[in-house]
Enquirer: 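Sharing a structure with you now.
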Amino acid sequence: MSIVVTAASGNLGRLTVEALLTRGVPASEIVATSRDISRIKDFADRGVEVRRADFAESDSLPAAFEGVDKLLLISTTTPSERVANHRRAIDAAVVAGASLVAFTSMLHADTSTTSLSPTHRATEEYLRERLPSVMLRNGWYLENYTDQLPQVLQGGALVGAVGQGRISAATRADYADAAAVVLTTEGHDGKAYELGGDEAFTLTHLAAAISAATGKRIGYTDLPVDEFAQVLVDAGVPAELAQVLADADRAMSHDEMFTDSGDLRRLIGRPTTTPAEAIAAALR
């Protein structure tokens, strides 16, 4: 019986496979799946079983999930296709006899007002009805900001529509470690973990942290949601995605990406990565 990690070619999936290996799971007991297995050949070279899985192609899933014990279902990226894709994967996990499915949902999926939340809620409901499951309600990624540091430093400002909303962000590696813990320990069935960083921040605070790390004066420019969406489009972000991101900022202005649950720290057994640590790592 194996631990299957979907979307293993993506950032979170790749880090989860690495976290499982670090926790001592034999490579032969890990199955890494991707639509394009050439992108995870390095895992095969290390003894991890690599299989092709495309959630849009039901026929690809029985072989991909064969022998599964626990499965990490990483949320797919296209909102309009997400629920149908997730349902196909869940149905295949049922047939394969999975004992537990962990789903990477979103923070406060049951109450969130973002345009992203309905697909996550629908997946949670479908999964609960069919399999033992655990919801990993991941908060915002610190990388959503640190990946933009070159542009922020060039422009001299962090731009958003969050106001003074608090954000409990953590790194992908933190969330991957939590997933690995859930996949390798017992007692998680039926749980919904609200996962976020220990050190919540506003974008004003984050701009100050960037200033402190770089010695360059960086401010936070807060815009109306529609104006922020246009800024994203002007920067090359597709219009549909720009609307989604701007709407997420709107929700964050109401603390919808804030949590003080402590679930992430407890799962990984250590403090989460701080914004200052993430900024320092990105600047190296």
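Just so you know, these numbers use all the heavy atoms, side chains as well, and skip hydrogens, waters and symmetry mates.
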Enquirer: How about F258 and H108: are their ring centres within less than 6.0 Å of each other?
Expert: no
Enquirer: Take atom CZ in R217; do more than 12 heavy atoms of anything else shown fall under 6.0 Å from it?
Expert: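 Open: at most 12 neighbouring heavy atoms sit under 6.0 Å from CZ of R217.
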Enquirer: Are there over 12 heavy-atom neighbours, none belonging to E66, within less than 6.0 Å of that residue's CD?
Expert: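 No, because the 6.0 Å sphere around CD of E66 holds 12 heavy atoms or fewer from other groups.
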Enquirer: Looking at every heavy atom in both R88 and F55, which two are closest together, and how far apart are they?
Expert: NE-O, 2.6 Å
Enquirer: If you draw a 6.0 Å radius around CZ in R121, do more than 12 non-hydrogen atoms from other residues or ligands fall strictly inside?
Expert: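 Counting neighbours around CZ of R121, more than 12 heavy atoms of other residues, nucleotides or ligands fall under 6.0 Å, so yes.
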Enquirer: At their closest point, which heavy atom of I90 faces which heavy atom of L131, and how far apart are they?
Expert: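 Minimum heavy-atom contact is O-CD1, 4.0 Å.
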Enquirer: Any carboxylate oxygen within less than 4.0 angstrom of a Lys/Arg side-chain nitrogen, looking at E199 and R166?
Expert: no
Enquirer: Please tell me whether N85 and R82 have a donor and an acceptor in their side chains that are separated by less than 3.5 angstrom.
Expert: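 No.
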Enquirer: Could you check whether atom CG of D226 has more than 12 heavy atoms from other residues, nucleotides or ligands sitting under 6.0 Å from it?
Expert: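 Result for CG/D226: open.
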Enquirer: Tell me, yes or no, whether the heavy-atom count around D59 atom CG, taken from other residues, nucleotides or ligands under 6.0 Å, exceeds 12.
Expert: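 No, because the 6.0 Å sphere around CG of D59 holds 12 heavy atoms or fewer from other groups.
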Enquirer: Between D174 and T273, what is the shortest heavy-atom contact and its length?
Expert: OD2-N, 3.0 Å
Enquirer: Run the side-chain contact (heavy atoms from CB on, under 4.5 Å) test on Y175 and L264 for me, step by step, so that the C-alpha distance in whole Å, both residues' side-chain angles and the decisive distance to 0.1 Å come before the verdict.
Expert: CA-CA 8 Å; Y175 295 122; L264 183 54; 3.9 Å; yes
Enquirer: May I ask you to check whether over 12 heavy atoms, not counting those of K41, lie within 6.0 Å of atom NZ?
Expert: no
Enquirer: Would R128 pass as a cation-pi partner of F103, given that its NZ or CZ must be under 6.0 Å from the six-membered ring centre and within 45 degrees of the axis?
Expert: no
Enquirer: Show the nearest heavy-atom pair for residues R270 and A173, with the distance to one decimal.
Expert: NH2-O, 4.4 Å
Enquirer: Can you tell me if E57 has over 12 outside heavy atoms packed within less than 6.0 Å of its CD?
Expert: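 Count over threshold, so yes.
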